[in-house]
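In each ligand, atom 1 is the first atom listed, and ligand 1 is the first ligand listed. FYI, side chains are in, hydrogens and waters are out, and symmetry mates aren't considered; it's all heavy atoms of this structure.
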Amino acid sequence: MKDWENFVTACMACQRCELHKTRKNVVIGRGVPKRVPLLFVGEGPGEQEDIQGEAFVGRAGKLLDLLLEALSFDPDHYYIANIVKCRPPNNRVPTDAEMEACLPWLRYQVKAIKPSILVCLGSTAARAIIDKEARITKLRGLWIEREGNLSIMPTYHPSAVLRDIHKRQDFYLDMKKVKERLDEIVHKGEGEH
Ligand code: URA
């Protein structure tokens, strides 16, 4: 726990890229910082997240929460983070340099949280975590197995789902798959801490 506190202090003071100049808050994530079986990773804070200092608390977050509640995800079983921890101006996609600068913070979070499942929310997360050339429309809904017992599920970003109603069904089906795998893990006791 002390380590996590040190991580938060260091992250709050981060000036590794230009985004620190325009941020209001560093957005570390959302959830209880402990070992949990499921980690969601989005792109980066938007306006509301920058103001409130918490991940996915704006419109996209409300949609995500609605779905997580509808599928009975237990908030004790997941943590939500982002590829970059400071808001890119006008919500533009973070640059490669900004992502590179910020990724060590996410790597620390992954080590601390030790998830069995990682959900990439949208193409920025999929490109940073799975493959630089990842196409979310091709990869979404497919499990990618990684060394160290980590299953990755790429799916749409909830903002994309808000913009395009046709993505709703697939987003729902992908999250349902995640919930089924999560239930298996929790029941097996792998996710209990
Ligand atoms: N979009 C993201 O990718 N992350 C957030 O925290 C909010 C919106």
Practice prompt. Could you check I80 against Y78 for side-chain contact (heavy atoms from CB on, under 4.5 Å), going step by step and ending with a plain yes or no?
Written response: CA-CA 7 Å; I80 309 178; Y78 63 83; 4.0 Å; yes

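At a 4.0 Å cut-off, at least one heavy atom of G44 sits close enough to ligand 1 to count as contact.
Against a heavy-atom cut-off of under 4.0 Å, A55 is close to the following atoms of ligand 1: 6 (O). The ligand atoms of ligand 1 that sit less than 4.0 angstrom from a heavy atom of E43 are 2 (C), 3 (O). Less than 4.0 angstrom separates some heavy atom of G42 from each of these atoms of ligand 1: 3 (O).
Between Y79 and I28, the closest side-chain pair of non-hydrogen atoms falls below 4.5 Å. Proximity of K114 to R35: side-chain heavy atoms (C-beta onward) are separated by under 4.5 Å at one or more points.
E133 CD: 12 or fewer foreign heavy atoms inside a 6.0 Å radius.
Ligand 1 has an N or O atom lying under 3.5 Å from an N or O atom of N82, backbone or side chain. Remark: ligand 1 and F56 share an N or O pair separated by less than 3.5 Å (distance only, no angle test).
The heavy-atom pair separating E43 from V93 by the smallest distance is OE2-CA, 3.8 Å.
For atom 1 (N) of ligand 1, the nearest non-hydrogen atom of the protein is H157 NE2, 3.2 Å.
Residue contacts with ligand 1 for E49 involve side-chain atoms from C-beta outward but no N, CA, C or O (heavy atoms, distance under 4.0 Å).
Under the 3.5 Å distance criterion, with hydrogens and angles disregarded, a donor-acceptor pair is assigned to the side chains of S151 and R181.
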